Each structure stands twice: as structure tokens, then as C-alpha cells.
Amino acid sequence: MLLKQLSNKDKEYFWKLTNYLMMADGKIADEEIAIMKEYAEEMEYEKKIEKVSKEEVEKVVENLKSHSPREKRIIYFELLALAFSDLVFADEEKMFLDEVGEKFGILENERNEMIDIVNGLTILYRDIYQFINKK
């Protein structure tokens with residue numbers, strides 16, 4: 001939805017963050033794979049899903065810290081969308097996103113507001129999909 005606005009380098013950073021987040025709880029849900037495909041398509045990005053080390057992620061977050069608040073919010077919103085795609089916000093995902101949010105300078109009350117927005121949107125999309133596909 002908003003990823004086209006990122007630079008090519010930032011898309012690469014985002015991809016590493018999503019790969020790490022998707023594998024954070026040790027389970028890769030079909031919904032997460034579907035969202036990753038949507039992200040790749042939206043960004044016109046042809047990378048495969050791959051394991052990313054904690055060290056790589058720390059470097060990525062460090063590089064993104066100096067970006068504008070707008071860019072960091074775009075990345076954070078999209079990371080939340082991935083975390084909520086399977087309707088399970090695992091503890092490992094929450095811990096990772098809290099860490100990223102803190103390093104991005106996004107206040108806890110703002111992060112909670114963003115979580116509420118993404119959770120509501122995820123439920124809305126699920127309901128629309130179920131309605132469209134009911135027999």
C-alpha cells in the first residue's frame with residue numbers, strides 16, 4: 001500500500017526486516033507468505049524469502065534510525081500488517097516490533113494506536129474476503 005514510496009535501498013532494508021519478523025515465532029503461516037508475495041509485487045522486488053540474522057537486522061534498524069518519521073511509520077505499519085496477517089500477534093513478533101519501534105523513536109502510545117489500526121484493518125479485510133467467498 002505504501003511501500004512504493006520507499007527508495008530501492010529502503011525496500012531492501014524492509015525486505016530483511018519482514019523476513020526476520022516472519023520467522024520470529026518459528027512458524028510461517030500461509031497468510032504471512034501471501035503478504036510477503038504482495039509486498040514483493042508492490043515493491044517490484046524479486047528476492048526470495050530468506051533467513052536473516054539478528055546482526056543484519058540490527059544494522060538495518062541502525063541505518064533506518066536517521067530516516068524521516070514518515071518513512072519509519074510506513075515501514076512500521078507494514079511490519080505490523082505482516083505480524084497481524086495470520087491474526088496471531090506472537091510474543092516474539094511483539095518483542096521485535098517493540099524493539100524496532102523504540103529504536104525508530106515511535107512512542108509506546110503511538111505504537112499501540114498503530115497496532116489498533118492494523119488489527120482493525122486486518123479483521124476488516126478478513127471479513128470482506130469471507131463475505132465475497134461465501135457460498
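Keep in mind that what you see is a predicted model, and the values were worked out from it rather than measured. Computation of the quantities below employed the complete heavy-atom set of this structure, encompassing side-chain atoms and omitting hydrogens, waters and symmetry-equivalent molecules.
Under the 4.5 Å side-chain heavy-atom criterion for Ile, Leu, Val, Met, Phe, Trp and Tyr, M95 and L21 are members of distinct hydrophobic clusters. Hydrophobic clustering (side-chain heavy atoms under 4.5 Å, transitive across Ile, Leu, Val, Met, Phe, Trp, Tyr) groups L2 together with L64. Grouping the Ile, Leu, Val, Met, Phe, Trp and Tyr side chains by contacts below 4.5 angstrom, directly or via other members, places L79 apart from L87. L80 and I123 fall into different hydrophobic clusters, where Ile, Leu, Val, Met, Phe, Trp and Tyr are joined by side-chain heavy atoms under 4.5 Å apart, directly or via other members.
The existence of a salt bridge linking K65 and E62 is confirmed by a sub-4.0 Å separation between a basic side-chain nitrogen and an acidic carboxylate oxygen. Ionic pairing of E99 and K103 is present here: one or more N-O contacts between side-chain nitrogen and carboxylate oxygen are shorter than 4.0 angstrom. Between E56 and K51, no side-chain nitrogen of the basic residue sits less than 4.0 Å from a carboxylate oxygen of the acidic one, so the salt-bridge criterion is not met. With salt bridges taken as basic N to acidic carboxylate O contacts below 4.0 Å, none links E108 and R111.
Relative ring orientation between H67 and Y13 is described as perpendicular, the plane-to-plane angle rising above 60° on a 0-90° scale split at 30° and 60°. Ring geometry for F14 against Y39 counts as perpendicular: the plane angle is over 60°, on a 0 to 90° scale with 30° as the lower cut.
Around the CD atom of E50, the shell of radius 6.0 Å holds more than 12 heavy atoms that belong to other residues, nucleotides or ligands. Annotation for N109: atom CG counts as buried by contact number, over 12 foreign heavy atoms lying within 6.0 Å.
In plain terms, the two heavy atoms of E32 and L82 that are nearest each other are O-CD1, 3.8 Å. N19 and K48 get closest at one heavy-atom pair: OD1-O, 4.2 Å. The heavy-atom pair separating M114 from R73 by the smallest distance is CE-O, 3.7 Å. The heavy-atom pair separating I35 from S85 by the smallest distance is CD1-CB, 3.9 Å. What you find for K54 and Y20 is that their closest heavy atoms are CD-OH, 3.2 Å. Across all non-hydrogen atoms, the minimal contact from L3 to K11 is O-CE, 3.5 Å.
Ring centroid separation for the pair Y45 and W15 comes in under the 6.0 Å cut-off.
In this structure a side-chain-to-backbone donor-acceptor pair under 3.5 Å is present from E110 to L107. Of the possible polar contacts, one joining the Y76 side chain to the L97 backbone as a donor-acceptor pair under 3.5 Å is found. Using modelled atom types, one side-chain atom of N63 and one backbone atom of K59 make a donor-acceptor pair closer than 3.5 Å. Without hydrogens or angle criteria, N119 side chain to I115 main chain gives no donor-acceptor distance under 3.5 Å. For K16 (side chain) and V57 (main-chain N/O), no donor-acceptor pair under 3.5 Å exists by modelled atom type. Formation of a donor-acceptor pair under 3.5 Å by the E78 side chain with backbone atoms of I75 is not found in this model.
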CA sep, side-chain torsions, deciding dist, call: I117, E113, side chain to side chain contact (heavy atoms under 4.5 Å, CB included) = CA-CA 6 Å; I117 291 167; E113 185 177 354; 4.2 Å; yes

Step by step, work out the side chain to side chain contact (heavy atoms under 4.5 Å, CB included) result for M36 and M22.
-> CA-CA 9 Å; M36 291 291 284; M22 184 176 65; 3.6 Å; yes

Yes or no on side chain to side chain contact (heavy atoms under 4.5 Å, CB included) for L121 and F84, after CA distance, side-chain angles and deciding distance?
-> CA-CA 10 Å; L121 187 60; F84 276 94; over 6 Å; no

Working for side chain to side chain contact (heavy atoms under 4.5 Å, CB included), residues D10 and I74 | CA-CA 11 Å; D10 290 346; I74 287 171; over 6 Å; no

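Of the inter-residue distances, the one linking E12 atom CD with S7 atom OG reads 9.5 Å to the nearest 0.5 angstrom.
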